[in-house]
Amino acid sequence: MESEEAVLALAALSQPTRLEAFRALVKHEPEGLAAGDLARLLEVPQNTLSAHLSILTRARLVTSERRSRSIVYRANLDEFRNVAVFLLRDCCDGRPEICAPVVESLQPCCPPQRKERTRG
C-alpha cells in the first residue's frame with residue numbers, strides 16, 4: 001500500500017457518519033446491508049448516505065453489488081487490513097516490543113468457531 005492510498009482510506013473514515021457506516025458494515029459481514037437498510041440503521045437520509053458510501057467506495061473500504069432492486073454494501077476487510085498493516089509496517093522502528101500490545105489487541109474479538117466433526 002502506498003501512502004496516498006492510506007491517506008485516502010483514513011480520510012474516508014475521518015467523518016463520523018462514514019465511520020459509523022463502515023463499522024455497521026463490518027458488523028454485518030459477510031452478508032452486507034442494502035443501502036436503504038443502512039440509511040435507516042444510521043438514521044441518515046438515503047441521498048446523504050449515498051454520498052458517504054461513494055467516498056468509502058473510492059477509498060476501497062466498501063464494495064457494492066446489485067441484488068435485484070437493491071444495492072448491497074459490504075466492508076472490504078482486506079483493504080482495511082492493508083491500512084492497518086501499512087500503519088504498523090515498520091513495527092516501531094524495529095523494536096517490536098513497543099508494538100506488541102497493539103498487535104495483541106488486533107487479535108480477533110470473536111475467533112471463528114470450530115466446526116464439530118460428525119461421526120459417520
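Being a predicted model, the structure only gives us computed values, none of them experimental.
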If you group Ile, Leu, Val, Met, Phe, Trp and Tyr by side-chain heavy-atom gaps below 4.5 Å, do Val7 and Leu61 land in one group?
no
For residues 7-20, which residue pairs pass the salt bridge (charged side-chain N to carboxylate O under 4.0 Å, His left out) check, not counting sequence neighbours?
Glu20-Arg23
Are any of the side-chain heavy atoms of Leu38 and Leu25 separated by less than 4.5 Å?
yes
Could you check whether any side-chain N or O of Thr57 sits under 3.5 Å from a backbone N or O of Leu53, counting only pairs where one atom can act as donor and the other as acceptor?
yes
Mind checking what makes side chain to side chain contact (heavy atoms under 4.5 Å, CB included) contact with Asp78, not counting sequence neighbours?
Asn76, Arg81
Should Val26 and Ile71 be regarded as members of a common hydrophobic cluster, given that ILVMFWY residues are connected when their side-chain heavy atoms come within less than 4.5 Å of each other, either directly or indirectly?
yes
Under 3.5 Å: donor-acceptor pair, side chain of Glu2, backbone of Glu4
no
Going hydrophobic residue to hydrophobic residue with side-chain gaps under 4.5 angstrom, can you get from Leu77 over to Leu33?
yes
Do any N or O atoms from the side chain of Ser14 and from the backbone of Ala11 form a donor-acceptor pair under 3.5 angstrom?
yes
What pair of heavy atoms forms the shortest contact from Leu49 to Ala39, and how long is it?
CD2-N, 3.3 Å
Is there a path of hydrophobic side-chain contacts, each under 4.5 Å between heavy atoms, that joins Ile55 and Leu8?
no
Of all pairs that satisfy side-chain hydrogen bond (donor to acceptor under 3.5 Å, both in side chains), the ones with a partner from residues 27-38, not counting sequence neighbours:
Glu29-Arg74, Asp37-Arg40
Shortest non-hydrogen pair, Phe80 vs Leu13, comes out as CE1-CD1, 4.1 Å
Taking every non-hydrogen atom, the tightest pair across Ala9 and Ala59
CA-CB, 3.9 Å
Please collect all salt bridge (charged side-chain N to carboxylate O under 4.0 Å, His left out) contacts where either partner lies in residues 43-55, sequence neighbours excluded, each pair once.
none
Got a sec, which residues hit salt bridge (charged side-chain N to carboxylate O under 4.0 Å, His left out) with Glu65, two or more places apart in sequence or on another chain?
Arg67
Would you say Leu56 ends up clustered with Leu10 if hydrophobic residues are merged whenever their side chains have heavy atoms under 4.5 Å apart, either directly or through other cluster members?
no
Show me the pairs that pass salt bridge (charged side-chain N to carboxylate O under 4.0 Å, His left out) and involve residues 51-62, at least two apart or across chains.
Glu5-Arg60, Arg60-Glu79
